[in-house]
Amino acid sequence: MSNGRIVAGCLAPHPPHLVYAENPPQNEPRAECGWEGLRWGYERMRKDLDRIGYDVLIVLSPHWQTYIGTHFLGVPRCSSLSVDPIFPNLFRYRYDLEVDVALAESIRDEAEREGLVTKMMRNPDFRVDYGTITSCHLTNPTWDKPIVAISSCRATAWYSVEVMQEQQLALGRATARAVAASGKRAVLLASNSLSHRHFTTEAAVPEDMSREHVTSHALYLWDMRMLDLMRQGKNQAVLDLMPEFTTQAISETDSGALTWMLGALGVPELPAEVYAYGTVIGTGNAVVGWYPPEVTP
Amino acid sequence: MSVTLGVIVPGLPHPLLVPEQNEGWMRLRVAYEQARQRILESGADRILIYSTMWPSIIGHQMQADPTPTWTHVDELFHDLGSMPYQFRIDAPFAERWAACARARGLTARTVAYHGFPIDTGSVVALKLLNPDNALPAGIVSSNMYADRAETVVLGKATADALEQAGHKAAVVVVSTLSNRLFTDWVPPAEDRVHSQKDDEWNRKILEFLEAGRLEDVAQLSREIQKQIRVKKVVNFKALWWMSAVMGQSNRFAGHVHAYAPIMGTGGAVVTLTPTREGFGDKEFDEEDVEVFQGERSVLTRA
Ligand SMILES: [Fe+2]
């Protein structure tokens with residue numbers, strides 16, 4: 001098979017607060033409300049993605065941290081209970097998801113060809129990280145499509161943002177080739193926040209929106225600068241600024257998710273649709289979609 | 001003092017799951033067993049763990065599920081096997097611990113949820129140091145945003161809680177020394193400390209600990225962070241906690257049970273027994289702090 005293609009790349013952040021506030025049956029805690037701007041943004045993105053139609057979600061999560069190489073979920077069906085280690089009061093989610101292991105293996109093979117260190121995760125007791133689950137739930141709450149889950153190799157911590165970007169652009173090329181060969185229509189999810197400084201206290205009612213704001217104006221300015229470039233389609237400039245942004249905004253882009261996704265799209269000059277920007281416990285989060293020109297939602 | 005023994009152990013799963021694959025991993029495994037014996041002989045009635053592998057954001061979190069039960073798999077070393085566990089946590093003590101932390105100005109809360117992801121380091125330490133759940137345990141997270149003041153105050157709050165409860169505890173720090181892993185798969189037989197510099201620093205730290213100089217090492221934490229720690233969370237801070245719980249001194253009999261590489265990192269099992277004599281105060285230049293006063297911005301008024 002061939003003629004597969006990436007039909008969308010999305011910035012799809014994973015604060016568990018958003019799932020909590022949606023009150024899906026899979027999640028045990030109940031919320032009154034909260035973070036509507038981001039949740040309604042996700043809702044609009046879902047509508048666009050449904051209109052385009054796709055076969056598989058490929059997600060790279062900052063919360064599957066593998067310091068040795070890039071890992072891929074290699075178990076066809078994963079079901080368990082995911083409890084967020086940081087916000088267990090908000091996220092205790094029963095998941096049951098299907099993995100496109102064949103596509104995962106072929107991305108892995110292409111990544112090896114790019115010279116990356118890789119590993120398939122085959123342990124059936126493995127618990128899928130909450131970043132993967134949250135981004136996939138918010139993008140496709142019915143879970144009626146399989147996913148490919150990719151870990152975050154922590155090259156930013158080990159080396160630098162520059163080395164991380166080299167690796168993630170290679171992983172992006174590998175992903176694009178594997179998707180093309182698969183014959184499938186894939187949506188890529190970069191599961192990361194933008195600025196990433198949290199408050200270290202929580203309101204008695206976590207969804208008390210009178211307490212929600214960005215941690216600092218400096219971080220807001222950085223977030224807006226990046227979103228402005230995305231809206232203008234200056235995606236190479238986004239990558240060029242990434243070292244400074246990641247450091248200055250303590251951004252979760254250190255995970256490589258955004259660089260990977262833009263790399264897989266070929267770093268196009270392509271304006272993005274910003275569905276929403278909002279903060280979650282002080283961190284900056286945007287829901288953003290990039291659609292290749294021949295795939296208009 | 002309410003602490004009968006200090007223990008430092010690495011949290012990587014190799015000594016638990018595959019010690020036979022490498023001579024050094026086996027030495028660490030044996031050392032874990034020696035440390036377990038020392039804990040029993042010390043007269044401890046509790047075992048308290050500070051794990052550098054359990055990050056938190058909303059202050060510090062204390063595990064309070066009385067019987068956490070799960071089959072854990074490490075996110076990186078998943079191919080080494082699964083780690084089924086059932087632990088015995090002293091839930092009332094966890095509440096007291098969190099309350100003592102709050103009394104000193106810290107943000108702290110207990111967590112008691114089925115399926116809570118107890119970190120690999122805590123699982124490895126409890127399975128090897130307390131295999132039959134002989135001692136009720138406590139586990140506290142490492143707050144990503146905490147620096148020295150919060151960590152020292154957390155140590156003092158831990159001592160307060162032990163004192164109030166009348167417990168005698170072995171306190172365990174789960175942390176490697178140098179933490180640089182290889183970035184490629186290295187066959188177990190070829191494991192070594194990532195660089196000679198890391199190895200030399202590890203040996204210097206162990207020399208201090210062997211001499212009982214716990215607070216001296218704690219005082220050198222920032223330098224250790226600079227020299228041999230990849231900046232994953234923040235500072236090398238676990239020994240700030242341990243020394244604060246144990247009275248911020250150098251009056252210990254130290255014993256290094258084993259030192260060996262685990263996938264490039266420096267892993268050591270060390271025990272520190274409180275004594276009357278000590279090395280004297282050599283490296284004390286950090287300030288002491290009793291109460292955490294919150295984040296104080298230098299640019300705006302609080
Ligand atoms: Fe995150």
Side-chain angles (χ1 to χ4, degrees), chain A residues 28-29 61 63-69 71 73-75 80-94 116-130 151-159 163 167 196-203 206 216 218 250 281-283, chain B residues 12 53-61 63 65 68 70-84 106-119 141 143-146 150 179-186 194 229-233 263-265 294-295 297 299-300:
Chain A
E28 192 189 323
S61 167
H63 292 285
W64 182 9
Q65 304 195 344
T66 53
Y67 290 83
I68 309 177
H71 297 217
L73 265 193
V75 174
S80 184
L81 171 67
S82 171
V83 179
D84 185 320
I86 312 280
F87 301 102
N89 50 326
L90 307 182
F91 191 80
R92 305 190 295 279
Y93 184 101
R94 291 230 162 254
L116 297 177
V117 176
T118 68
K119 188 154 198 116
M120 293 301 296
M121 201 306 298
R122 310 276 192 195
N123 188 325
D125 296 326
F126 184 80
R127 186 147 53 163
V128 179
D129 73 280
Y130 67 95
S151 76
S152 163
C153 175
R154 312 300 290 166
T156 303
W158 246 228
Y159 302 104
V163 171
Q167 288 187 358
H196 204 231
R197 182 50 158 104
H198 304 79
F199 300 129
T200 53
T201 57
E202 191 179 57
S216 82
I250 323 153
I281 196 151
T283 66
Chain B
L12 296 174
M53 294 164 79
W54 175 14
S56 61
I57 287 172
I58 310 298
H60 290 91
Q61 299 188 141
Q63 181 56 245
D65 178 352
W70 199 259
T71 297
H72 176 68
V73 177
D74 187 69
E75 62 182 343
L76 173 56
F77 298 109
H78 40 76
D79 60 341
L80 299 184
S82 307
M83 296 170 251
L106 298 171
T107 297
R109 67 182 180 190
T110 56
V111 293
Y113 302 102
H114 171 64
F116 184 92
I118 295 181
D119 64 285
S141 68
N143 179 353
M144 280 171 57
Y145 292 113
E150 274 174 271
N179 70 344
R180 187 172 284 274
L181 289 151
F182 295 119
T183 48
D184 201 347
W185 301 105
V186 169
H194 195 281
R229 301 285 292 184
V230 172
K231 191 181 170 302
K232 286 199 249 178
V233 183
M263 292 307 288
T265 68
E295 292 168 32
S297 172
L299 296 178
T300 55

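Residue numbering restarts at 1 for every chain, and letters A, B, ... go by the order of the sequence lines. Hydrogens, waters and symmetry mates are skipped; everything else that's a heavy atom, side chains included, is used.
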Region of B:F116 that comes under 4.5 Å of a non-hydrogen atom in chain A: both
Six-ring centre of A:Y67, B:R180 cation under 6.0 angstrom, axis tolerance 45°: no
Option that, when pairs with chain A are counted at under 4.5 Å, heavy atom only, ranks first among B:M263, B:H114, B:R109: B:R109
Heavy-atom pair of closest approach, residues A:I68 and B:L76: N-CD1, 3.6 Å
Contact winner vs chain B - A:E202, A:K119, A:R154, A:R127, heavy-atom pairs under 4.5 Å: A:R127
Residue B:W70 versus chain A: region with a heavy atom under 4.5 Å: side chain
Polar side-chain atom of A:W158 near backbone of B:L181 as donor-acceptor pair, under 3.5 Å: yes
Between A:E28, A:Q65, A:M120, A:R122, the one whose heavy-atom pairs under 4.5 Å with chain B are most numerous: A:Q65
Rounded distance (nearest 0.5 Å) linking atom CZ of A:F126 with atom CG of B:D79: 11.5 Å
Pairs of heavy atoms under 4.5 Å with chain B: top-ranked of A:I86, A:D129, A:T156: A:I86
Inter-residue atom distance B:I58.CD1 - A:T201.OG1, 0.5 Å rounding: 6.5 Å
Minimum-distance pair of heavy atoms, taken over all atoms of B:G115 and A:L81: CA-CD2, 4.2 Å
Separation between CZ of A:R197 and CD1 of B:I57, rounded to the nearest 0.5 Å: 9.5 Å
Chain A contact via B:H72 - side chain, backbone, both or neither, heavy atoms under 4.5 Å: neither
Part of A:F87 lying under 4.5 Å from any heavy atom of chain B: both
Under 3.5 Å donor-acceptor, A:N123 side chain and B:H78 backbone: yes
Inter-residue atom distance A:H71.NE2 - B:E75.CD, 0.5 Å rounding: 9.5 Å
Considering all heavy atoms, the nearest A:P88-B:Q61 contact: CD-OE1, 3.9 Å
Rounded distance (nearest 0.5 Å) linking atom CE of B:M144 with atom NE2 of A:H198: 6.0 Å
Chain A contact via B:D119 - side chain, backbone, both or neither, heavy atoms under 4.5 Å: neither
Interface moiety of A:S216 toward chain B, non-hydrogen atoms closer than 4.5 Å: neither
Leading residue by heavy atom contact count with chain B [cutoff under 4.5 Å; candidates A:V117, A:T66, A:T200, A:I281]: A:T200
B:Y113 side chain to A:D84 backbone, donor-acceptor under 3.5 Å: no
Residue part contacting chain A, namely of B:S56, when any heavy atom lies under 4.5 Å: backbone
